[in-house]
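Notes follow once the structure below has been shown.
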Amino acid sequence: MSRRQPQTDPPNLDAPELRALRRKLLAWYGRNARDLPWRKNRDPYRVWLSEVMLQQTQVEAVRPYFLRFTGELPAVEDLASADESRVLRLWEGLGYYRRARSLHAAAKKIVAEHDGRLPDTLEGLMALPGVGRYTAGAILSIAYDKRAPIVEANTRRLYARLMALEVDPTSTEGERRLWEFAERLLPRSGFSNFSQALMELGSLVCTPKTPRCDACPVAKHCRAYQAGAIESLAPVTRKVKFTDLREAAVVVRKADKVLVRQCGEGERWAGLWDFPRFELEAESPAGAKSEITQKVRELTGVACEPTEKIATLKHGVTRYRITLECYEARHTGGRLRSNKDSPAQWVAPSELADTPLSVTGRKLAGRIGG
DNA sequence: AACACGGGGTT
DNA sequence: AACCCAGTGTT
């Protein structure tokens, strides 16, 4: 036995209390389950897709994307045989684009190695790119109705309160305790509804701020509520410190075409296309212009002369708050450098309709007569 | 254990 | 303006 921190939490819920909790939770879910598109059936492909879309993304943001995606690519074979640009275009605006590329790669693997059937084991699922412990557990329970615990944002908060978890839930120790609790909480059957009920309660009742404990079906079994300690528990998310960044995006025009490049593997928006874009260091307008000429040349080989600033967009990317200065420029020479590592091309603005762009890229495209 | 990765909704 | 979101993968 390894050394363990002294147990500071209240005693664990005992077996009879866990049974009562499960029963009340399921009864509550029966009355309060939302009508969500991925609950129409338990098709593993749809459950998988919904879980990946829902990673770090709220239900209401996912809903329209899920409907459009399943409308166009209704089965894993459709996804596997689709072009990556089409998959990314369907994902455009949802963020965390690696999810879409991993999903696409996993679909190819499922077709090639699993005869088009999603694996139904923890190991098989976690071997797929983009599927970690949570998503594997969610698919096993929700789609296959198998016994599998889950811990994600809703359940992390719910469990932490039910247990009155004193340690930092984001620490390794906190995480271990949460998974342990999730395991003990599992019923004997009905895993599909159970997983969804847990998340639904966390989402609708056991909310981050001012949870609706008066409406909670399991408040009687909640250690934090019983101790009046809901407000004093450690937060379940980490604070992020923002860094301001100033960048430039350049619409280089050559006759009726504009210059775009595909973001590389190591950079943000990998796989998506964008206008040449880089950090801007110069403060003065004149300095900015010469810097733009230089950076566009470094990035694409193209020589250009900035003409005017056409917009300033503010947006956030993970821990950065970015002020994006958008310029127009005219092509003055140079040879376009495009290769496998860094594809670039001249396109008519109308072609951008089928090209996956970042949100800022899309906004800019909308301003140049695309 | 910390960080990168998007974008939008809520408080 | 903070805070938050049905996390995963890399370093």
Side-chain angles (χ1 to χ4, degrees), chain A residues 34 36-39 47-66 88 91-103 105-106 125-143 148-159 168 170-176 178-179 182 192 194-204 206-211 235-244 263 265-272 274 313-322 324 356-363:
Chain A
R34 285 171 291 184
L36 300 174
W38 44 92
R39 289 183 176 158
V47 171
W48 170 44
L49 174 64
S50 72
E51 289 304 335
V52 174
M53 284 187 163
L54 285 160
Q55 289 169 8
Q56 293 292 284
T57 310
Q58 297 185 159
V59 164
E60 291 310 318
V62 167
R63 197 194 287 263
Y65 282 88
F66 180 85
L88 285 172
W91 207 272
E92 187 186 298
L94 204 51
Y96 287 134
Y97 299 96
R98 188 178 60 185
R99 293 183 293 175
R101 307 179 80 200
S102 297
L103 188 83
L125 287 166
M126 287 187 67
L128 299 173
V131 178
R133 190 175 178 184
Y134 162 71
T135 302
I139 295 169
L140 279 178
S141 58
I142 296 172
I150 53 165
V151 178
E152 43 64 76
N154 296 304
T155 44
R156 178 173 296 114
R157 191 172 55 243
L158 174 66
Y159 303 160
D168 177 1
T170 66
S171 67
T172 304
E173 167 72 2
E175 198 70 0
R176 187 186 64 72
L178 288 165
W179 280 99
S192 181
F194 194 71
S195 283
Q196 296 180 80
L198 287 168
M199 292 189 280
E200 201 80 334
L201 186 67
S203 176
L204 299 180
C206 197
T207 50
K209 292 169 184 176
T210 61
V236 299
T237 55
R238 227 179 268 278
K239 300 195 193 317
V240 293
K241 186 170 168 290
F242 286 96
T243 302
D244 288 321
C263 303
E265 297 304 322
E267 52 184 319
R268 293 198 298 255
W269 302 298
L272 276 67
D274 203 356
L313 306 176
K314 289 187 183 291
H315 71 112
V317 180
T318 64
R319 54 177 279 254
Y320 299 98
R321 302 299 305 184
I322 301 173
L324 182 65
L357 302 173
S358 67
V359 164
T360 50
R362 182 63 61 196
K363 283 180 183 164

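- In this structure, A/S50 contributes its side chain and A/V47 its backbone to a donor-acceptor pair below 3.5 Å.
- Residue-to-nucleotide contacts include a donor-acceptor pair under 3.5 Å from the side chain of A/R98 to the base of C/dT8.
- When the side-chain nitrogen and oxygen atoms of A/Q58 are compared with OP1 and OP2 of C/dC5, none of them lie within a distance under 4.0 Å.
- When heavy atoms are screened at a 4.0 angstrom cut-off, A/S102 is found touching no nucleic acid atom at all.
- Between the CG atom of A/D274 and the C1' atom of B/dG6 there is a distance of 13 Å, given to the nearest Å.
- Per the geometry, CD belonging to A/E267 stands 11 Å off P belonging to B/dG6, to the nearest Å.
- For A/T237, the listed nucleotide lying nearest its side chain is C/dC5; candidates were C/dC5, B/dA2, B/dA4.
- Within the structure, a side-chain polar atom (N or O) of A/R319 is placed less than 4.0 Å from OP1 or OP2 of B/dA4.
- Within the 4.0 angstrom heavy-atom criterion, only backbone atoms of the sugar-phosphate kind lie near A/G93; the bases stay farther away.
- Between A/R133 and the phosphate of C/dT8, there is no side-chain N or O to OP1/OP2 separation shorter than 4.0 Å.
- Counting any heavy atom pair closer than 4.0 Å across all strands shown, A/P129 reaches sugar-phosphate atoms only and no base atom.
- Within the 4.0 angstrom heavy-atom criterion, no nucleotide atom of any strand lies near A/I150.
- Both A/K209 and A/R268 sit near DNA chain B, but only A/R268 has its closest nucleotide nearer the 5' end.
- Within the 4.0 Å cut-off from OP1 or OP2 of B/dG6, not a single side-chain nitrogen or oxygen of A/Y320 is found.
- Backbone-only engagement by A/A153 is indicated by non-hydrogen atom pairs under 4.0 Å involving sugar-phosphate atoms exclusively.
- Each of B/dC5, B/dG6, C/dA6 was ranked by its minimum atom distance to the side chain of A/R34; first place goes to C/dA6.
- To the nearest angstrom, P of B/dG7 lies 15 Å from CE of A/M53.
- To the nearest whole angstrom, the two P atoms, one in B/dT11 and one in C/dA6, are 13 Å apart.
- Where A/E51 and A/M126 meet DNA chain C, the nucleotide closest to each residue was compared, and A/E51 sits on the side nearer the 5' end.
- No N or O donor and acceptor, one from the side chain of A/T57 and one from the base of B/dG7, sit under 3.5 Å apart.
- Using a 4.0 Å heavy-atom criterion, one finds that A/V52 contacts no nucleic acid atom at all.
- In this structure, of C/dA6, C/dT8, C/dC5, it is C/dC5 that holds the atom nearest to the side chain of A/P208.
- Under the 4.0 Å criterion applied to side-chain N and carboxylate O atoms, A/R133 and A/E175 are not assigned as salt-bridge partners.
- With distances taken from any side-chain atom of A/V59 to the nucleotides C/dC5, B/dG7, C/dA6, the minimum falls on C/dA6.
- For A/R157, counting side-chain heavy atoms from C-beta on, the closest listed nucleotide (C/dA6, B/dA4, C/dC5) is C/dC5.
- To the nearest whole angstrom, the two P atoms, one in B/dG6 and one in C/dT10, are 14 Å apart.
- Remark: A/W269 is in phosphate contact with B/dG7, judged by side-chain N or O atoms under 4.0 Å from OP1 or OP2.
- Comparing A/T170 and A/R99 by the nucleotide of DNA chain B whose heavy atom lies nearest to each, the residue mapping closer to the 5' end is A/T170.
- To the nearest angstrom, C1' of B/dA2 lies 13 Å from CG of A/D168.
- Heavy atoms of A/R321 sit nowhere under 4.0 angstrom from any nucleic acid atom.
- In this structure, A/W38 reaches the bases: a heavy-atom distance under 4.0 Å links it to at least one base atom across the strands shown.
- Atom CZ of A/R156 and atom P of C/dG7 are 7 Å apart (whole Å).
- Across all strands, A/R39 comes closer than 4.0 Å to base atoms (heavy-atom distances).
- Using modelled atom types, one side-chain atom of A/R99 and one backbone atom of A/M53 make a donor-acceptor pair closer than 3.5 Å.
- Atom-to-atom, OH of A/Y96 to P of C/dA6 comes out at 13 Å; the value is rounded to the nearest Å.
- For the pair A/T135 and C/dT8, the criterion of a side-chain N or O lying under 4.0 Å from OP1 or OP2 is met.
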